[in-house]
Colleague: 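My structure is below; once you've seen it, I'll send some questions.
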Amino acid sequence: MFRSIVSNLSFSPASTGQLTFYWRRLKGEHLTRQISMVMAGALVFLQVATIIAPPDPATASSSNDIVYGGIGCDQHPKQTTLALYDKNASFRALLNRYGVYKVDLENTTLGSLNSNNHAFKSLGRNPQFSASQGEQTVHGLDGHTYYERPLWRWGDNVVYRALEGRRHGDNKYFAIMCNCGNLVITDSSPTSPPPPPPPPPPPP
């Protein structure tokens, strides 16, 4: 239609108004196509970014978490915990304070624990209870303060997923809770320094 109007323009000068109308319409369609292409490109980029980007932790995080967001028990929790032990000095200092070393983490297994065992005590970053309720303050661990309290205070007969293990020094139970990375023990840290981990085996 636009070409027909242009070819007849010399015979009908009054068609100039129609020509202007169709020119504006064509210009609007061209702009619409450009916007559509940009939006399609943006949608493709978002889809690719969604696939590439790692997912956020599904577990709700808390300022009380020793490991913010937990250790991800559905995504290689032992490897995550070992990597934290190597890279995070505060996490390593806390575990060592309670006699847990890398060799103990390597021997953990994924399981669950129940807070109805009133011997369990958990460690966290925030004070939640009082001394009369069994909460104790643990100072001076790589510049951080932690709080040790009976696990059942958070709720009795509650089941938690956790990495479970035994300390090589005295074979006592410990666990790293999945949802928060908090350490669970069955007794307070010994007054004397815990034994160091055994040396690695000699190379073949």
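Start at 1 with the first residue, then count along the sequence.
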Colleague: Do V138 and T145 have side chains that get closer than 4.5 Å, going by heavy atoms?
Modeller: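 No, their side chains stay 4.5 Å or more apart.
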Colleague: Take F174 and L183 through the side chain to side chain contact (heavy atoms under 4.5 Å, CB included) test and state the conclusion after the steps.
Modeller: CA-CA 7 Å; F174 75 91; L183 175 65; 4.3 Å; yes
Colleague: In Å and rounded to the nearest 0.5 Å, what is the NZ to CG distance from K78 to L163?
Modeller: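 So the NZ of K78 and the CG of L163 are separated by 7.5 Å.
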Colleague: Could you list all the salt bridge (charged side-chain N to carboxylate O under 4.0 Å, His left out) pairs where at least one residue sits in residues 127-139, not counting sequence neighbours?
Modeller: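 Matches after skipping sequence neighbours: E135-R149.
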Colleague: Apart from V159 itself, what residues make up its hydrophobic cluster when side-chain heavy atoms of I, L, V, M, F, W and Y under 4.5 Å apart count as a link, directly or indirectly?
Modeller: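 Noted: V159 shares its cluster with no other residue.
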Colleague: Quick test of your reading: applying disulfide (SG to SG under 2.5 Å), list the pairs with at least one residue in residues 76-154, sequence neighbours left out, ordered by first then second residue.
Modeller: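 Qualifying pairs: none.
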Colleague: Are the side chains of D104 and R166 in touch, meaning some heavy atoms are under 4.5 Å apart?
Modeller: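 No, their side chains stay 4.5 Å or more apart.
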Colleague: Step by step, work out the side chain to side chain contact (heavy atoms under 4.5 Å, CB included) result for I176 and N182.
Modeller: CA-CA 6 Å; I176 309 292; N182 291 4; over 6 Å; no
Colleague: From Y147 OH over to N126 CG, what is the distance, rounded to the nearest 0.5 angstrom?
Modeller: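 Going from the OH atom of Y147 to the CG atom of N126 covers 8.0 Å.
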Colleague: D156: what forms a side-chain hydrogen bond (donor to acceptor under 3.5 Å, both in side chains) with it, not counting sequence neighbours?
Modeller: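 H118.
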Colleague: Between I185 and L123, which heavy-atom pair has the shortest distance, and what is it?
Modeller: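 Closest approach of I185 to L123, heavy atoms only: CD1-CD2, 4.2 Å.
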Colleague: Quick one: pull up CG in L105 and CG in L84 and give me the separation to the nearest 0.5 Å.
Modeller: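 The CG atom of L84 is 10.0 Å from CG of L105, to the nearest 0.5 Å.
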Colleague: Mind checking side-chain contact (heavy atoms from CB on, under 4.5 Å) for N107 and listing every partner two or more places apart, or none if nothing turns up?
Modeller: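 side-chain contact (heavy atoms from CB on, under 4.5 Å) list for N107, sorted by chain: V103.
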Colleague: Is it true that a side-chain atom of D65 and a backbone atom of S62 form a donor plus acceptor pair closer than 3.5 Å?
Modeller: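 Judged by distance alone, yes, a pair lies under 3.5 Å.
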Colleague: For this output row, return yes or no: ring centroids of Y160 and W154 closer than 6.0 angstrom.
Modeller: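 No - the distance between ring centres of Y160 and W154 does not fall below the 6.0 Å cut-off.
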Colleague: Taking C-beta and beyond as the side chain, do L113 and L151 meet within less than 4.5 Å on heavy atoms?
Modeller: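 Yes. Closest side-chain heavy atoms under 4.5 Å.
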Colleague: If the condition is side-chain contact (heavy atoms from CB on, under 4.5 Å), which residues does T32 pass it with, not counting sequence neighbours?
Modeller: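 With neighbours one apart ignored, the set is S36.
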Colleague: Counting distance only, does the side-chain N/O of Q75 pair as donor-acceptor with the main-chain N or O of G72 below 3.5 Å?
Modeller: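 Side chain of Q75 to backbone of G72, a donor-acceptor pair under 3.5 Å: no, none is there.
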Colleague: Tell me the closest heavy-atom pair linking A162 and C178, and the distance in Å.
Modeller: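 Closest approach of A162 to C178: N-SG, 3.6 Å.
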Colleague: Is there a side-chain contact between M177 and V184 (heavy atoms, below 4.5 Å)?
Modeller: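 Heavy-atom side-chain distance check passes, below 4.5 Å.
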Colleague: Do other residues, nucleotides or ligands put more than 12 heavy atoms under 6.0 Å from K172 NZ?
Modeller: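 No - once you tally the heavy atoms of other residues, nucleotides and ligands closer than 6.0 Å, there are 12 at most.
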Colleague: Donor-acceptor pair, distance only, cut-off 3.5 Å: does the side chain of S115 make one with the backbone of G155?
Modeller: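 Pair found, side chain donor or acceptor close to backbone of G155.
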Colleague: OH/Y98 to OG1/T186 distance, rounded to the nearest 0.5 angstrom?
Modeller: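 Result: 11.5 Å between the selected atoms.
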Colleague: Report yes if the side chains of T108 and T81 come closer than 4.5 Å at any heavy-atom pair, otherwise no.
Modeller: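 No, side chains not in contact.
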Colleague: Run the side-chain hydrogen bond (donor to acceptor under 3.5 Å, both in side chains) test against S90 and tell me which residues pass, sequence neighbours left out.
Modeller: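 Per chain and number, S90 pairs via side-chain hydrogen bond (donor to acceptor under 3.5 Å, both in side chains) with D142, H144.
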Colleague: State which residues pass side-chain hydrogen bond (donor to acceptor under 3.5 Å, both in side chains) with N88; sequence neighbours excluded, sorted by chain then number.
Modeller: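 Result, side-chain hydrogen bond (donor to acceptor under 3.5 Å, both in side chains) vs N88: none returned.
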Colleague: Identify, with sequence neighbours excluded, every residue that meets side-chain hydrogen bond (donor to acceptor under 3.5 Å, both in side chains) alongside D74.
Modeller: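 side-chain hydrogen bond (donor to acceptor under 3.5 Å, both in side chains) check on D74 returns R161.
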Colleague: According to side-chain contact (heavy atoms from CB on, under 4.5 Å), who are the partners of Q79, at least two apart in sequence or on a separate chain?
Modeller: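 So Q79 forms a side-chain contact (heavy atoms from CB on, under 4.5 Å) with H76.
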Colleague: Can you see which heavy atom on G134 is nearest to which on P150, and at what distance?
Modeller: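 Smallest interatomic distance, heavy atoms only, reads O-CD, 3.5 Å.
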Colleague: Go through N114 and N157 one step at a time and tell me if the side-chain hydrogen bond (donor to acceptor under 3.5 Å, both in side chains) criterion holds.
Modeller: CA-CA 6 Å; N114 194 315; N157 200 31; 3.1 Å; yes
Colleague: Of all heavy-atom pairs between L110 and P77, which one has the smallest distance, and what is that distance?
Modeller: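 Smallest interatomic distance, heavy atoms only, reads CD1-CG, 4.4 Å.
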Colleague: Are any non-hydrogen side-chain atoms of L94 and V100 less than 4.5 angstrom apart?
Modeller: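 L94 does not reach V100 side chain to side chain.
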Colleague: Backbone N or O of S63 within a donor-acceptor pair of the R125 side chain at under 3.5 Å?
Modeller: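 Here the side-chain-to-backbone pair does not exist.
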Colleague: Using side-chain contact (heavy atoms from CB on, under 4.5 Å) as the criterion, list what pairs up with R92, not counting sequence neighbours.
Modeller: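 With sequence neighbours excluded, R92 shows a side-chain contact (heavy atoms from CB on, under 4.5 Å) to Y85, A89, N96, given in chain and number order.
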Colleague: What's the spacing between I71 CD1 and N179 CG if we round to 0.5 Å?
Modeller: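 Answer for the CD1-CG pair, I71 versus N179, is 9.0 Å.
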Colleague: Does R153 reach the main-chain N or O of Q133 with its side chain, forming a donor-acceptor pair under 3.5 Å?
Modeller: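 Such a contact is found between R153 side chain and Q133 backbone.
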Colleague: Taking ring pair (Phe, Tyr, Trp, His ring centres under 6.0 Å) as the test, write out the residues that go with F120, two or more places apart.
Modeller: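 With sequence neighbours excluded, F120 shows a ring pair (Phe, Tyr, Trp, His ring centres under 6.0 Å) to Y173, given in chain and number order.
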Colleague: How many angstroms lie between CG in D86 and CZ in F91, if you round to the nearest 0.5 Å?
Modeller: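 Here the rounded value is 10.5 Å.
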